[in-house]
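A short write-up of the structure that comes next.
Residue numbers run from 1 in the order of the sequence given. Each ligand, and each atom within it, is numbered from 1 in the order the structure gives. If you're wondering where the values come from, they're calculated on a predicted model, not measured in any experiment.
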Amino acid sequence: MASDAPITQDVMTIPRKMPETDRVNLVGLTRAQMRDALLAAGTAEKQVKMRVNQVWQWIYQWGVRDFAEMTNLAKAYRAMLEENFVIEIPEVVSKLVSEDGTRKYLVRIAGGHEVEVVYIPEEDRGTLCVSSQVGCTLTCSFCHTGTQKLVRNLTAAEIVGQIMMARDDLEEWPVPGAPKDETRLLSNIVLMGMGEPLYNFDNVRDAMKIAMDPEGISLSRRRITLSTSGVVPEIARTAQEIGCLLAISFHATTDETRDVLVPINKRWNIEELLGALSAYPKASNSERITFEYVMLDGVNDSDEDAHRLIEHIKRHNIPAKINLIPFNEWPGSPYKRSSNNRIRAFANIIYQAGYASPIRKTRGDDIMAACGQLKSATERARKSRRQIEAEAGMRG
Ligand code: SAH
Ligand code: SF4
């Protein structure tokens with residue numbers, strides 16, 4: 001619910017960055033890549049392992065952006081780093097803070113593109129919703145990102161940089177010598193911002209590996225959730241190469257409806273998707289797969305749908321929880337949000353069948369910050385309602 005409480009809007013003017021250089025950004029490199037980069041810049045072979053560790057810790061454990069602060073490195077070595085490298089993350093263009101504490105950032109990346117990043121504080125944790133692409137090649141009919149044409153994949157630096165940016169803003173880098181703070185403001189990552197993370201697999205994997213590295217940001221793989229619309233061939237790789245938790249944008253219980261809502265279903269249908277999920281090697285009762293289900297009035301929200309959903313999950317024996325998402329309407333969107341009563345009745349059927357069925361709280365409504373609706377007002381509605389309705393009708 002939007003309220004009359006004041007919203008702080010602090011639009012920062014950031015001085016223009018230094019002119020483009022050909023210095024290499026150290027952010028986003030894997031340890032192996034950083035090793036190669038330091039070697040190429042003249043680091044001695046027998047020292048390189050130690051140097052990678054030192055530089056890595058400065059960047060990812062202490063959040064240092066200035067080589068001069070890397071005080072355990074000799075001055076000459078720091079000068080060499082300065083000459084060859086930069087430590088660069090996306091720049092914050094604006095920040096909105098909701099009355100409920102949700103923070104929405106607009107960050108600018110190379111080429112002048114902008115993506116949104118949302119921080120959602122909760123009592124016992126804080127979740128950062130991270131983007132993986134500018135726009136999305138897929139065209140889910142209820143999703144606003146799907147109306148934008150893809151501009152490009154984000155680099156690993158731009159993905160892990162979103163996390164570093166949020167830690168900057170939350171002032172959460174540790175202070176040397178201070179006792180370790182166990183309750184982190186930024187404790188969880190969800191890849192639920194703009195884009196389809198499994199269509200940018202390598203960069204997403206490298207960025208998440210960096211975020212998980214114990215000598216750095218050090219987030220447990222169990223605190224990272226990757227959400228996909230169902231890129232079936234990449235699902236097994238996600239378990240093997242990233243090892244994080246999985247969420248699936250399920251949203252419909254028949255192929256007929258899912259073909260319209262999540263058109264990738266025409267490529268890999270519900271049965272193929274469920275097959276890949278039941279084979280997800282990490283799936284267990286402690287690491288259940290999240291089924292995301294957006295509640296669209298009269299489209300996918302009947303009692304029959306709820307029963308069919310359970311039947312699918314049971315038939316494939318998938319350890320699951322079902323996250324019901326009240327649809328976030330956007331100007332021109334061809335659907336309406338299901339009523340609260342309908343959502344509760346749907347949740348109840350699922351719960352009675354023995355599955356957790358939390359209803360996602362809408363957060364940051366007053367600043368349009370809901371995950372999955374990451375879009376700034378100025379760029380909104382490239383397509384008219386008519387166009388989208390026509391296309392949705394065609395697909396149906
Ligand atoms: N491309 C990935 C991740 C980004 S979308 C995916 O599709 O899973 C993150 C979640 O938000 C998805 O479950 C998506 O279906 C959902 N979502 C998108 N638009 C939404 C809207 N307008 N209202 C509610 N949920 C939405
Ligand atoms: Fe892309 Fe996900 Fe939106 Fe579908 S729901 S258009 S996959 S961002």
_Pair Y355 and F291, ring centroids less than 6.0 Å apart_ = no
_Atoms in ligand 1 flagged as close to H251, the criterion being non-hydrogen separation under 4.0 Å_ = 13 (O), 14 (C), 15 (O)
*List every atom of ligand 1 that sits less than 4.0 Å from any heavy atom of G195, numbering the atoms from 1 in the order shown and giving each element.*
1 (N), 2 (C), 3 (C), 4 (C)
_Looking only at protein heavy atoms, which one is nearest to atom 2 (Fe) of ligand 2, and what is the separation?_
G195 O, 4.5 Å
*Just going by heavy-atom distances, which of C136, S227, S131, C129 is nearest to atom 3 (C) of ligand 1?*
S227
*Hey, is atom 1 (Fe) of ligand 2 within less than 2.8 Å of some N/O/S atom on C140?*
no
*asked:* Once rounded to the nearest 0.5 Å, what's the spacing between atom CD of E114 and atom CD of E91?
replied: 9.0 Å
*Taking non-hydrogen atoms only, is F142 closer than 4.0 angstrom to ligand 1 via side chain, backbone, both or neither?*
both
*asked:* Would you compute the distance between atom CZ of F67 and atom CD of E83 and round it to the nearest 0.5 angstrom?
replied: 11.5 Å
*Give a yes or no answer on whether the side chain of N203 reaches the backbone of L154 with a donor-acceptor pair at less than 3.5 Å.*
yes
*asked:* Against ligand 1, does E329 come closer than 4.0 Å with any heavy atom?
replied: no
*Mark up the atoms of ligand 1 that fall under 4.0 Å of a heavy atom belonging to S229, in ascending order.*
6 (C), 7 (O), 8 (O)
*asked:* At less than 4.0 angstrom from any non-hydrogen atom of E292, what atoms of ligand 1 do you find?
replied: 10 (C), 12 (C), 13 (O)
*May I ask you to list the atoms of ligand 1 that are less than 4.0 angstrom from any heavy atom of W330?*
22 (N)
*In ligand 1, which numbered atoms sit nearer than 4.0 Å to a non-hydrogen atom of I325?*
24 (C), 25 (N)
*Using non-hydrogen atoms of the residue, decide whether C140 is closer than 4.0 angstrom to ligand 1.*
no
*For the side chain of N25 and the backbone of E88, is there at least one donor-acceptor N/O pair under 3.5 Å apart?*
yes
*Would you confirm whether R78, through its side chain, and A68, through its main-chain N or O, come within 3.5 Å as a donor-acceptor pair?*
yes
*Under 3.5 Å: donor-acceptor pair, side chain of W56, backbone of T30*: no
*What are the atoms of ligand 1, with element, lying closer than 4.0 Å to any heavy atom of S249?*
6 (C), 7 (O), 8 (O), 12 (C), 13 (O), 14 (C), 15 (O)
_Show the atoms of ligand 1 that are less than 4.0 angstrom away from any heavy atom in T228._
6 (C), 8 (O)
*Identify which of G193, P326, P197 has a heavy atom lying nearest to atom 4 (C) of ligand 1.*
G193
*Is C143 close to ligand 1, meaning an N/O of one under 3.5 Å from an N/O of the other?*
no
*Region of N328 engaging ligand 1 - heavy atom pairs below 4.0 Å*: both
*Within a radius of less than 6.0 Å around CZ of R267, do more than 12 heavy atoms belonging to other residues, nucleotides or ligands occur?*
no
